[in-house]
Number of protein chains: 2
Amino acid sequence: MGVFSKTCEYAIRSVFFIAHRTASGNRVGIKEIANGIDSPEHFLAKILQDLSRRGIVQSAKGPNGGFYIDERGLKRPLSEVVEAVDGNSIFTGCGLGLAYCSETNPCPLHNEFKAIRNQLKDLLEQTTIADFSESLNLGITKLRK
Amino acid sequence: MGVFSKTCEYAIRSVFFIAHRTASGNRVGIKEIANGIDSPEHFLAKILQDLSRRGIVQSAKGPNGGFYIDERGLKRPLSEVVEAVDGNSIFTGCGLGLAYCSETNPCPLHNEFKAIRNQLKDLLEQTTIADFSESLNLGITKLRK
DNA sequence: TTAATAAAAGACTAAAAACTCTTTTATTTT
DNA sequence: AAAATAAAAGAGTTTTTAGTCTTTTATTAA
């Protein structure tokens with residue numbers, strides 16, 4: 001079990017891939033994205049439909065159609081993708097799954113967990129999609145082997 | 001979706017509860033544990049059977065039977081409970097679920113994630129079950145509201 | 001204006017995780 | 001030895017997550 005759901009992993013990977021491939025105004029099709037990030041095509045289609053409805057990615061039908069990300073989208077923090085798919089429990093939930101865990105009623109892991117969770121939150125909130133795709137552009141990071 | 005599976009959350013909570021309740025050599029039954037940590041009784045029974053087989057908790061059948069944790073168990077780091085239930089992917093896996101992500105083939109989140117993951121690893125490896133149950137004994141932390 | 005293209009939508013199936021119920025086995029107390 | 005107790009084991013069901021397949025709708029280019 002990862003930190004993110006499989007759906008969210010595919011969402012993040014596809015957003016990076018699309019950003020990386022469509023920087024100069026072009027579009028990329030679902031087949032190419034699915035192949036590029038190693039995900040099931042039709043499952044990814046569902047995910048991108050949702051991200052498209054939420055305005056996180058843009059899409060166009062027909063010949064020369066495909067997915068792309070506009071300027072505003074590129075400036076969004078990665079946290080918005082994560083929240084759109086997995087909700088915000090990863091940023092706020094108790095490590096032991098206790099509904100009533102809080103500052104005044106903390107579980108045994110509360111403070112230690114909060115510190116770690118906040119770092120994840122900061123990372124995802126303070127880094128934009130463009131920031132991450134830059135390291136892909138530079139060839140420093142990869143989405144496949 | 002939490003950092004741990006539901007099964008693992010119950011496992012951790014029950015281990016803390018048992019440690020807290022059996023410090024002075026006594027035992028605690030499944031009903032009381034399930035009630036004390038707010039988990040489904042029969043589901044928890046399965047989990048504790050497994051932890052018992054792995055030697056993380058001890059059990060005794062019959063009247064005055066129940067679960068307890070011996071001295072060696074109390075000194076175990078919490079990471080052993082987590083690994084027994086969820087495996088070690090939480091300590092080693094890629095944040096984006098990429099099988100081939102590594103130092104030499106990093107994903108866009110690799111370094112940032114590694115730092116956060118290592119903190120979680122350190123926390124779980126460096127704190128024993130006894131350490132955590134102490135804050136329960138002192139009434140500083142709680143497993144229920 | 002028709003054919004081709006590509007995403008959107010809908011209706012599924014498969015697998016995993018979470019949870020329940022019943023029976024069996026071991027232990028202790030009377 | 002019998003009755004009571006409590007965990008172990010087995011065999012399920014339910015729910016959620018992941019993944020597939022088919023049809024529809026929108027767009028573009030010939």
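On a predicted model such as this, the values are computed, not experimentally measured, just so you know.
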Heavy-atom side-chain contact between A:V85 and A:S5 under 4.5 Å: yes
Check every atom of C:dC19, D:dA8, C:dT22 against the side chain of B:S59 and return the nucleotide holding the closest atom. D:dA8
Taking atom C1' of C:dA7 as reference, at what distance in whole Å does atom CD1 of A:I47 sit? 15 Å
Atom NZ of B:K46 and atom C1' of C:dC19: how far apart are they, to the nearest Å? 11 Å
Length of the CD-C1' vector between B:E41 and D:dA7, whole Å: 11 Å
At under 4.0 Å between heavy atoms, what does A:K31 touch on the DNA or RNA strands: base, sugar-phosphate, or nothing? nothing
Paired with A:R53, the side-chain contact (heavy atoms from CB on, under 4.5 Å) test is passed by just one of A:L51, A:D50, A:I56, namely A:D50
In whole angstroms, the gap separating P of C:dA7 from CD of A:E32 amounts to 10 Å
Please determine whether a side-chain nitrogen or oxygen atom of A:S52 lies at a distance below 4.0 Å from atom OP1 or OP2 of C:dA8. yes
Decide yes or no on side chain to side chain donor-acceptor pair (under 3.5 Å) for B:H20 and B:E134, but give the supporting numbers first. CA-CA 7 Å; B:H20 176 231; B:E134 191 167 357; over 6 Å; no
Close side-chain approach of B:E80 and B:E125, heavy atoms under 4.5 Å: no
Classify the ring geometry of B:Y10 against B:F43: parallel below 30°, tilted from 30° to 60°, perpendicular beyond 60°. perpendicular
Under 3.5 Å between N/O atoms: give me all the protein pairs with nucleotides 3-6 of chain D, atom names plus distance.
unit_1 : atom_1 : unit_2 : atom_2 : d
D:dA6  : O4'    : B:G62  : O      : 3.2

Tell me, yes or no, whether the heavy-atom count around A:K6 atom NZ, taken from other residues, nucleotides or ligands under 6.0 Å, exceeds 12. yes
Quick test: give all pairs of protein nitrogen or oxygen and nucleotides 14-18 of chain C nitrogen or oxygen below 3.5 Å, distance rounded to 0.1 Å.
unit_1 : atom_1 : unit_2 : atom_2 : d
C:dA18 : OP1    : B:K6   : N      : 2.9
C:dA18 : OP2    : B:T7   : OG1    : 3.0

Does B:R53 reach a base, just sugar-phosphate, or nothing at all? Heavy atoms under 4.0 Å. sugar-phosphate
Report yes if some heavy atom in the side chain of A:C107 is under 4.5 Å from a heavy atom in the side chain of A:H110; otherwise report no. yes
What is the distance from CG of A:D50 to P of C:dA8, rounded to the nearest Å? 11 Å
Rounded to whole Å, CZ of A:R27 lies from C1' of C:dT5 at a distance of 13 Å
Gap between atoms CZ and P, on A:R54 and C:dA8 respectively (whole Å): 14 Å
Could you check if a side-chain atom of A:V57 sits within less than 4.5 angstrom of a side-chain atom of A:Y68, using non-hydrogen atoms only? no
Residues A:T128, A:D131; criterion side chain to side chain donor-acceptor pair (under 3.5 Å); working and verdict: CA-CA 5 Å; A:T128 67; A:D131 292 335; 3.1 Å; yes
Roughly, in whole Å, what's the span from CD in A:Q49 to P in D:dG19? 16 Å
